[in-house]
Amino acid sequence: MGQIHILKGDITTAQVDAIVNAANSRMLGGGGVDGAIHRAAGPKLLAECKNVPSVNGQRCPTGEARITSAGNLSASYVIHTVGPIYNIDKAPREHLINAYENSFKLALSHACQSIAFPAISCGVYMYPHHEAAEIALNVALEYVNHFDIYFYLFDEPLFNIFKQTYRQLTTI
Ligand code: APR
């Protein structure tokens with residue numbers, strides 16, 4: 001039986017088996033948490049991402065997830081997932097649920113026992129924070145028997161939203 005931990009901090013410091021990256025479909029790095037993870041992991045991570053097969057320029061379609069090693073990070077794996085761009089995605093809720101679920105499934109198939117997530121789509125992809133937190137934590141509650149789950153929030157307001165949402169979801 002695992003636990004859900006909600007932390008304020010930099011996900012690249014997470015001491016877990018798998019760190020989840022909020023990537024884009026090209027998987028060639030970017031800004032935000034994607035940039036932070038690639039900087040901390042080093043060039044090996046990008047080299048591995050480039051080996052992921054690309055179909056029509058997409059290595060990882062929205063809602064799916066891909067797994068690589070973690071370069072210089074202390075984790076064993078980086079799981080790259082692509083959340084929905086809220087304002088243009090036709091099914092943002094479904095795609096955000098899929099992004100979390102597919103990340104958990106990949107972690108399960110690689111015998112991970114701990115996993116760290118950022119707030120997927122809550123940055124430049126502009127997903128409304130309360131709804132994103134409710135989605136993230138509801139999926140996490142489905143997998144908490146299998147993992148210690150860590151949510152790393154980078155700013156105080158989003159940290160507070162995740163804490164408050166978790167209290168609401170777990171208070172009978
Ligand atoms: N640790 C944890 N969380 C972080 C970190 C970090 N080091 N850096 C940023 N964040 C937070 C942001 O504050 C935001 O709350 O991660 C959340 C996700 O924001 P983004 O990184 O912008 O990710 P997303 O909204 O999913 O957009 C993905 O941004 O960086 C590009 O290549 C990426 O195109 C993709 C897009």
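Atoms within a ligand are numbered from 1 in the order they appear, just like the ligands themselves. By convention here, the first residue in the shown sequence is residue 1. Owing to the predicted nature of the structure, the values given are computational and were not obtained by experimental measurement.
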If you look at each N/O of ligand 1, which protein N/O atoms lie under 3.5 Å away, and at what distance?
residue  : atom   : partner : partner atom : Å
ligand 1 : 1 (N)  : Ile11   : N            : 3.0
ligand 1 : 7 (N)  : Asp10   : OD1          : 3.0
ligand 1 : 19 (O) : Gly123  : N            : 3.3
ligand 1 : 21 (O) : Val33   : N            : 2.8
ligand 1 : 22 (O) : Val124  : N            : 3.0
ligand 1 : 25 (O) : Gly123  : N            : 2.8
ligand 1 : 25 (O) : Val124  : N            : 3.2
ligand 1 : 25 (O) : Tyr125  : N            : 3.1
ligand 1 : 26 (O) : Ser121  : N            : 2.9
ligand 1 : 30 (O) : Gly31   : N            : 3.0
ligand 1 : 30 (O) : Gly31   : O            : 2.9
ligand 1 : 32 (O) : Asn24   : ND2          : 2.9
ligand 1 : 32 (O) : Asp34   : OD2          : 2.7
ligand 1 : 34 (O) : Asn24   : ND2          : 3.2
ligand 1 : 34 (O) : Tyr125  : OH           : 3.3

Under the criterion side-chain contact (heavy atoms from CB on, under 4.5 Å), I'd like the reasoning laid out for Phe104 against Glu142: C-alpha separation, chi angles, the key distance, then a yes or no.
CA-CA 10 Å; Phe104 277 119; Glu142 288 172 29; over 6 Å; no
Assess whether a salt bridge exists between Glu134 and Arg93, defined as any Lys/Arg side-chain N lying under 4.0 Å from an Asp/Glu carboxylate O.
yes
Atom pair CZ/SG of Arg26 and Cys60 - distance to nearest 0.5 Å:
12.0 Å
Between Ile19, Val52, Leu45, which is the residue that forms a side chain to side chain contact (heavy atoms under 4.5 Å, CB included) with His80?
Leu45
With Lys50 via side chain to side chain donor-acceptor pair (under 3.5 Å) - residues at least two apart:
none
Which label fits His5 and Tyr150: parallel for a plane angle under 30°, tilted from 30 to 60°, or perpendicular past 60°?
parallel
